[in-house]
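Report on the following structure.
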2 protein chains.
Amino acid sequence: MVKSELMKYSCPLGKAMSALGSKWKPIIVLVIKDRKLRFGELAVRINVISRKVLTDQLREMQTDGLIIREEFKELPPRVEYSLTEKGLALLPILYQLEEWETKYHVYDPQKEKDCKMIMEEKKIKKTVV
Amino acid sequence: MVKSELMKYSCPLGKAMSALGSKWKPIIVLVIKDRKLRFGELAVRINVISRKVLTDQLREMQTDGLIIREEFKELPPRVEYSLTEKGLALLPILYQLEEWETKYHVYDPQKEKDCKMIMEEKKIKKTVV
DNA sequence: CTGTATCCCCGTAGATACTG
DNA sequence: CAGTATCTACGGGGATACAG
């Protein structure tokens, strides 16, 4: 363990952010919500994420106790993800973050334009959350 | 703009996390709180962060409208940082994150030991938050 | 005192092809 | 369907020295 990792263990917020602070985890929590979702459904709903990264993130979240992974030994295989109690407890906080962002949002027409452009270019029909 | 940045503009939570999702920003918000703090005070309170990175983060947070930077043209120079309304609105959410972490925290004695060890090794007396 | 200027490491995440 | 396996790129973050 090096100095740079110290924060992860030295304060509650540091620990919280290390479980939640990655690029995709909050999104994943919000997308799963109170349902069970299969891997493929997750991949479709968050279609700007690659399957490898999605897998990685799900594994870490499982380790951190945020989600439950149920594997059904069928053919074709089926895996369902759902939130643990800990993960569910995160939902209201994430909603508040959304509200916060919406309330203080500064509208940037250029960014919106860029966003539209790239979505067409990449043939992305529907985006996250 | 590339696909990977799409999330930043495609949903509120994405935008929120891009303003807040870095390693140090939530900590900085929590440390400034309702006071005005000088650069040096911040550096002492978050003493596991390098001055360069602290500067970088503060600049970005200023751009995102989270903090106010007041520069006094004195000798020696003095700079004071405080939260904007937007930054202040973040505080209750961060407190809830702390509570969340505290509630669902899994105690890991090994990590705690590692943490103590490195703090002595690096002569860190007091840590963040 | 409050930063810059460099230089560098390492981890996250992306693309693509392949597998049980 | 639900992943792995590789390889690669980028940039956040860190150490250290220097500057106004």
Side-chain angles (χ1 to χ4, degrees), chain A residues 1-8 14 17-28 36-64 67 69-81 118 121-124 128, chain B residues 1-8 14 17-28 36-64 67 69-81 118 121-124 128:
Chain A
M1 183 159 132
V2 291
K3 182 180 170 186
S4 61
E5 293 177 17
L6 188 56
M7 187 200 65
K8 288 189 191 168
M17 290 308 289
S18 83
L20 178 68
S22 92
K23 189 171 176 182
W24 298 109
K25 286 172 189 173
I27 306 276
I28 294 174
K36 286 188 180 188
L37 282 186
R38 303 182 57 168
F39 183 83
E41 295 175 307
L42 276 170
V44 170
R45 284 180 166 74
I46 318 176
N47 54 16
V48 286
I49 192 175
S50 73
R51 293 173 102 71
K52 171 188 166 295
V53 175
L54 181 54
T55 306
D56 293 346
Q57 300 290 306
L58 288 170
R59 289 277 183 281
E60 289 179 23
M61 293 169 73
Q62 195 184 354
T63 306
D64 289 337
I67 60 172
R69 179 179 186 275
E70 291 175 280
E71 188 173 355
F72 300 85
K73 297 290 187 185
E74 308 171 350
L75 270 180
R78 179 161 61 104
V79 179
E80 290 185 349
Y81 294 92
I118 190 137
E121 184 185 320
K122 303 267 177 185
K123 296 177 185 54
I124 297 173
V128 293
Chain B
M1 183 155 132
V2 290
K3 184 181 170 187
S4 62
E5 293 176 19
L6 187 57
M7 188 201 66
K8 288 189 191 167
M17 291 308 289
S18 85
L20 179 67
S22 90
K23 188 170 176 180
W24 298 110
K25 285 172 189 172
I27 305 277
I28 293 174
K36 286 189 180 188
L37 282 187
R38 302 182 57 168
F39 183 83
E41 294 175 306
L42 276 171
V44 170
R45 283 181 165 76
I46 318 174
N47 54 15
V48 284
I49 192 177
S50 73
R51 295 174 101 74
K52 169 188 168 296
V53 176
L54 181 54
T55 306
D56 294 345
Q57 300 290 307
L58 288 170
R59 288 278 183 282
E60 289 179 23
M61 293 169 73
Q62 194 186 356
T63 306
D64 289 336
I67 60 172
R69 179 179 186 276
E70 292 175 282
E71 188 172 355
F72 299 86
K73 298 291 187 184
E74 308 170 352
L75 270 180
R78 178 161 61 104
V79 179
E80 290 186 348
Y81 294 92
I118 189 137
E121 185 186 319
K122 302 268 178 182
K123 297 179 184 53
I124 298 173
V128 294

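Naming: A, B, ... by sequence-line order, numbering from 1 per chain. Note that the coordinates shown come from a computational prediction; the quantities given were computed from them, not determined experimentally.
OP1 and OP2 of C/dC18 both lie 4.0 Å or more from every side-chain N or O belonging to A/R51. In terms of phosphate contacts, A/Q57 brings no side-chain nitrogen or oxygen within less than 4.0 Å of OP1 or OP2 of C/dT12. Side-chain N/O atoms of B/R59 include one lying less than 4.0 angstrom from OP1 or OP2 on C/dG3. A sub-4.0 Å separation between OP1 or OP2 of D/dA2 and a side-chain N or O of A/R38 is present.
Side-chain proximity of A/S22 to the nucleotides D/dC1, C/dA13, C/dG3 is greatest for C/dA13. The side chain of B/P77 has C/dT2 as its nearest neighbour among D/dG13, C/dT2, C/dG3. Taking the side chain of B/Y81 as heavy atoms from C-beta on, and the options C/dG14, D/dA2, C/dG3, the nearest nucleotide is C/dG3. Candidate nucleotides C/dG14, D/dT4, C/dT2 were compared by shortest atom distance to the side chain of A/I49, and C/dG14 ranks first. Checking D/dG3, C/dA5, C/dG3 against every side-chain atom of A/T55, the shortest atom distance belongs to D/dG3. The side chain of B/K23 has D/dG14 as its nearest neighbour among D/dC1, D/dG14, C/dG3.
Regarding A/K52, its NZ atom lies at a distance of 12 Å from the C1' atom of D/dA9, rounded to whole Å. Between the P atom of D/dC1 and the CZ atom of A/F39 lies a distance of 12 Å, rounded to the nearest Å. A straight line from CG of A/L58 to P of D/dG3 spans 8 Å, rounded to a whole angstrom. Atom CD of A/E41 is separated from atom C1' of D/dG3 by 16 Å (rounded to the nearest Å). One interatomic measurement links the two molecules: CG of B/L54 to P of D/dG12, which rounds to 16 Å at whole-angstrom precision. Rounded to whole Å, atom P of D/dG11 lies 22 Å from atom CH2 of B/W24. In this structure, CD of B/E80 is placed 16 Å from C1' of C/dG3, rounded to the nearest angstrom. When rounded to the nearest whole Å, the span between CE of B/M17 and P of D/dG12 equals 15 Å.
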Chi angles and distances behind the side-chain contact (heavy atoms from CB on, under 4.5 Å) call for B/I28, B/Y81: CA-CA 10 Å; B/I28 293 174; B/Y81 294 92; over 6 Å; no
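Using a 4.5 Å cut-off on side-chain heavy atoms (C-beta onward), A/V48 and A/W24 make contact. For the pair B/I27/B/I49, no side-chain contact is recorded, criterion being any heavy-atom separation below 4.5 Å from C-beta on. Inter-residue side-chain proximity for A/K23 and B/M17 is flagged as unmet; no heavy-atom pair is nearer than 4.5 Å.
To the nearest 0.5 Å, atoms NZ (B/K36) and CD1 (B/I67) are separated by 13.0 Å.
Heavy-atom nearest nucleotides on DNA chain C were determined for A/L75 and for A/S50, and the one closer to the 5' end corresponds to A/S50.
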